[in-house]
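Written out below as structure tokens is the structure these notes cover.
Just so it is clear, the values below take in all heavy atoms, side chains as well, and ignore hydrogens, waters and symmetry mates. Model, not experiment: these values are computed from the prediction.
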Amino acid sequence: MRRLFLPLLLLVSCAGPVQDRVKTTFQSSQGFRPTLDNRADAVMVYGVGAPGSLQERLQSWRERGYETQFMTGIAWGGYQDYFTGEWDGRTHWDEGQMEASGDTIWHGKNVPYIVPTLNYLQYFKERHIKPVIDAGVDHIYLEEPEFWSRAGYSEAFKREWEAFYGTPWRPKDESPEATYLAQKLKYHLYYRALDEAFTYAKEYGRSLGRDIKCYVPTHSLINYTKWQIVSPEASLASMESMDGYIAQVWTGTSRSPNYYRGVLKERVFESAFLEYGCMSSMTAPTGRELFFLTDPIEDATRDWEDFRRNYQATFTAQLLYPEVNRYEIMPWPERIYERPYPVKAGGEEKCRIPADFASMMQVMTNALQQMPKGERIPSRYAVLMSNSLMFQNEDENLSDFFGLALPVLKWGHRVGIVHMENLGYKKALEGVGVLLMTYSNMKPMAPEAHTHLADWVARGGKLLYCGTDTDAFQSVQEWWNTGENSYAAPADHLFSLMEMEAGAPVGIYSYGKGLVYILRQDPRDFVLTEEGEDILRRAMESLVGPLYSQPLQVDRGPYRIVAALDERKARPVVEEGCLIDLFDPALPVYSQREIAPGTQAFFYDVAKAGKAPKILAAASRAYEEKKSRNRFSYVCKGPAETWNVTRILLPAPPVKVLVNGAECPASWDAASRTVFLRFPNSPDGVPVEIDW
């Protein structure tokens with residue numbers, strides 16, 4: 001059997017972070033319109049489109065001062081000409097992803113999810129990479145390399161199986177082993193697809209004397225496993241032709257329900273926190289560039305209050321990772337600003353984005369422009385993950401993962417994630433005191449992972465292994481039971497490296513300077529009942545002593561980000577200072593603020609503002625700032641048909657405020673020495689003059 005080629009667990013030389021002027025970006029299939037002018041640094045123009053369309057859209061944004069980049073899907077997109085035969089004279093419907101029933105999995109009309117054959121990749125490079133580079137674009141984003149778990153029955157996939165494994169195709173539902181092999185092949189196919197596309201882009205760019213940067217916008221491993229999709233994920237971090245990721249986390253991914261204390265429900269903040277952490281930890285040891293995405297709405301139709309509440313939750317979650325300060329501030333501004341959604345849950349009345357929500361959203365996204373980058377906060381407790389989660393993928397609620405992660409997070413600890421594929425990097429386990437792991441929902445893809453884990457324990461690490469090792473995937477034909485290895489379960493190979501017996505029973509074992517705690521229960525037991533987490537807590541406390549709860553809070557320069565957790569005996573979190581509430585479009589100033597359990601807060605700490613005059617918060621972006629002894633002036637730009645709200649630090653109360661040359665009402669707050677203004681935004685710029 002041919003072994004899957006994956007660049008795993010290797011110490012490779014990675015290019016450093018991409019240093020350019022783009023800190024905020026967004027994606028849009030449209031050309032510039034005044035209502036879409038959110039004032040990010042860059043726009044990722046989506047899709048090549050009709051002849052001439054790409055160049056026209058790029059130019060419309062360039063004329064407004066935007067850096068222009070390009071995004072399209074790698075697994076689906078406007079590729080009808082390939083399937084209908086217009087490109088090479090042959091139809092390619094057999095290259096769509098197909099279910100066992102014979103039904104193609106469609107993304108749109110005449111656009112199936114794709115089995116990325118070499119012929120398709122040749123078309124993709126010719127029709128969708130070369131024209132983009134010719135149009136002057138140097139940053140290419142190929143999003144969502146997705147192969148559905150339920151697929152694997154098309155003729156194209158059968159041919160790929162035979163070419164890769166050298167054996168006749170087997171239906172994935174035939175056995176656990178056939179499932180594992182099918183998912184593993186899907187994983188390889190999209191790794192190959194991206195490598196082919198990016199390598200071509202860089203080589204063609206070099207032939208023109210240009211340096212092309214290539215990125216993968218992708219959902220987290222947590223989400224893809226829950227949604228039963230296979231994607232290359234962590235293996236891409238070692239791909240020489242790939243420069244970075246966009247972490248596609250938003251309400252739609254994070255609202256997928258999970259179990260905790262026996263209750264299955266949406267836990268948007270907690271899921272988002274873990275998803276962003278999953279993406280950050282995937283890239284941190286490798287030096288790859290990472291953008292965080294959040295979306296003020298989502299793909300599904302909800303009411304505006306639902307959108308707002310969950311947007312705040314995901315937005316807070318991303319800010320709790322200070323090592324990341326590049327952001328995709330929104331996808332599809334055309335649907336955010338221009339499409340009507342229900343006013344109330346279950347109601348028929350619809351409206352475009354409410355004025356207060358638009359102002360709040362723009363205050364938040366403008367704050368991202370100023371957000372400082374900090375050091376990565378070490379996680380004392382971390383959960384081990386592997387891409388093979390997507391190969392096994394039996395539980396749509398992912399309870400064996402959340403069984404390890406959710407209780408620790410709910411106890412008030414920054415639970416981290418360690419990717420098994422990154423264990424070869426020196427910093428992969430940096431700061432981790434206790435590593436929680438299981439093989440009930442994943443399997444090790446290479447034996448080197450166990451060597452790294454055993455070495456870490458020997459140096460003083462503490463490993464908590466939870467699992468019965470009885471699932472059907474324990475015996476799939478893999479490295480731990482082939483060749484010179486004959487282990488009944490992959491964990492037995494790990495245990496042997498630490499001088500433990502196969503099938504080691506419950507107990508605490510010492511190895512070198514470290515400890516291994518074996519707990520013979522699958523982690524799902526810790527969340528499927530109300531009292532299940534107590535088992536996990538007792539095991540952890542036997543390793544580290546009492547666990548004390550605390551709120552999740554990070555200060556990033558003048559910004560304070562707080563999340564108050566719920567579902568336990570939680571109390572409100574009380575914050576004090578001179579604090580501007582950035583989640584309130586009135587930008588009120590508080591000396592004390594209470595954050596209720598299950599909610600989040602985003603403040604600007606005026607005490608850290610520095611010298612006046614200074615714009616502290618605004619639903620627009622400021623340009624041409626000028627300061628003199630008695631005057632502060634600037635020009636601000638924002639989307640048409642929205643309201644700008646601004647709070648400005650001044651040396652003294654204003655005596656005159658002019659907006660567009662006319663007197664503007666201003667509200668002075670003596671305690672913070674700030675003034676509040678509200679007036680309509682304009683993409684063409686609004687001049688503001690303040691005298692004191």
Side-chain angles (χ1 to χ4, degrees), residues 220-223 225-228 251-275 277-278 306 309-310 313-314 317 381-385 389 392-417 434 436-442 464-472 506 517-543 546-552 563-572 596-600:
S220 70
L221 175 59
I222 296 170
N223 176 256
T225 305
K226 281 181 66 66
W227 285 7
Q228 301 191 349
T251 302
T253 63
S254 302
R255 78 184 320 147
S256 295
N258 45 48
Y259 276 100
Y260 177 64
R261 298 174 70 90
V263 178
L264 179 67
K265 71 172 188 176
E266 295 178 6
R267 295 177 173 88
V268 175
F269 168 77
E270 291 85 349
S271 294
F273 179 83
L274 293 168
E275 286 194 69
C278 182
D306 182 288
R309 181 178 65 254
N310 289 311
T314 56
Y381 312 115
V383 177
L384 187 67
M385 297 187 76
L389 279 162
Q392 191 164 328
N393 204 6
E394 291 182 300
D395 176 15
E396 65 179 11
N397 296 313
L398 205 57
S399 295
D400 280 318
F401 166 75
F402 285 107
L404 294 176
L406 259 184
V408 182
L409 180 59
K410 287 290 193 179
W411 300 336
H413 298 279
R414 285 185 64 96
V415 61
I417 289 171
V434 178
L436 296 86
M437 68 173 291
T438 185
Y439 282 149
S440 61
N441 59 355
M442 66 182 192
L464 176 55
Y465 184 88
C466 308
T468 59
D469 293 343
T470 57
D471 64 271
V506 174
Y517 192 129
I518 304 296
L519 191 57
R520 286 301 181 185
Q521 285 185 264
D522 291 330
R524 69 191 68 179
D525 293 344
F526 309 148
V527 289
L528 293 181
T529 64
E530 184 175 355
E531 66 281 353
E533 65 179 331
D534 294 339
I535 302 169
L536 179 64
R537 189 179 188 106
R538 286 194 295 269
M540 290 189 64
E541 290 186 333
S542 69
L543 289 173
L547 299 169
Y548 299 104
S549 298
Q550 53 191 346
L552 291 175
L565 298 168
D566 63 357
E567 293 190 90
R568 305 188 77 252
K569 295 179 180 179
R571 296 179 180 178
T599 65
Q600 306 82 36

Verdict with supporting geometry, M385 and T225, side chain to side chain contact (heavy atoms under 4.5 Å, CB included): CA-CA 11 Å; M385 297 187 76; T225 305; 5.8 Å; no
Within a radius of less than 6.0 Å around CD of E530, do more than 12 heavy atoms belonging to other residues, nucleotides or ligands occur? no
Closest approach of V415 and L274, non-hydrogen atoms and distance? CG1-CD2, 3.6 Å
For S542 and Y517, the nearest pair of non-hydrogen atoms, with its separation, is OG-CE1, 2.9 Å
Separation between CD1 (I222) and OG1 (T253), nearest 0.5 Å, reads 9.5 Å
Between R524 and F401, is a side chain to side chain contact (heavy atoms under 4.5 Å, CB included) present by the stated rule, with each step listed? CA-CA 8 Å; R524 69 191 68 179; F401 166 75; over 6 Å; no
4.5 Å side-chain heavy-atom contact, D525 and I535: no
What are the two closest heavy atoms between D566 and A570, and how far apart are they? CA-CB, 4.2 Å
Close side-chain approach of L384 to M442, heavy-atom, < 4.5 Å: yes
For E270, enumerate each residue passing the salt bridge (Lys or Arg N to Asp or Glu O under 4.0 Å) test, keeping only those at least two apart in sequence or located in another chain. K410
Between the side chain of T438 and the main-chain N/O of C466, is any donor-acceptor distance below 3.5 Å? yes
With a 4.5 Å limit on heavy-atom distance, are the side chains of L565 and F269 in contact? yes
Side chains of K265 and E567, heavy atoms from C-beta outward: is any pair under 4.5 Å? yes
For L547 and Y381, what are the C-alpha separation, side-chain angles and deciding distance, and is it a side chain to side chain contact (heavy atoms under 4.5 Å, CB included)? CA-CA 11 Å; L547 299 169; Y381 312 115; 3.2 Å; yes
Measure the CD1-CG distance between I417 and L436 for me, rounded to the nearest 0.5 Å. 11.5 Å
So if I apply the side chain to side chain contact (heavy atoms under 4.5 Å, CB included) rule between F526 and each of D400, L519, V408, which one comes out positive? L519
Locate the shortest heavy-atom distance separating S256 from W227; write the atom from each residue and the value. OG-NE1, 2.9 Å
To the nearest 0.5 Å, what is the distance between OH on Y259 and CG on L264? 4.5 Å
Quick check: do N258 and L398 have side-chain heavy atoms less than 4.5 Å from each other? no
For S220, the side-chain hydrogen bond (donor to acceptor under 3.5 Å, both in side chains) test, sequence neighbours excluded, returns E275
Would F402 and K226 satisfy side chain to side chain contact (heavy atoms under 4.5 Å, CB included), going step by step from the backbone distance to the final call? CA-CA 11 Å; F402 285 107; K226 281 181 66 66; 3.8 Å; yes
For the CD atom of Q521 and the CG atom of L536, what is their distance to the nearest 0.5 Å? 10.0 Å
Calculate, to the nearest 0.5 Å, the distance between atoms CG and CD belonging to N310 and E266 respectively. 6.5 Å
Going by the rule side chain to side chain contact (heavy atoms under 4.5 Å, CB included), which residues pair with E533 if we only count those two or more places apart in sequence or in a different chain? Y260, R261, P407, W411, R568
Minimum-distance pair of heavy atoms, taken over all atoms of V527 and S399: CG2-O, 4.0 Å
Contact between N441 and D395 at the side-chain level, heavy atoms closer than 4.5 Å - yes or no? no
Going by heavy atoms in the side chains, are L552 and L409 under 4.5 Å from each other? yes
Between A563 and Q600, what is the shortest heavy-atom contact and its length? CB-CG, 4.2 Å
Does any non-hydrogen side-chain atom of S440 lie less than 4.5 Å from one of P523? yes
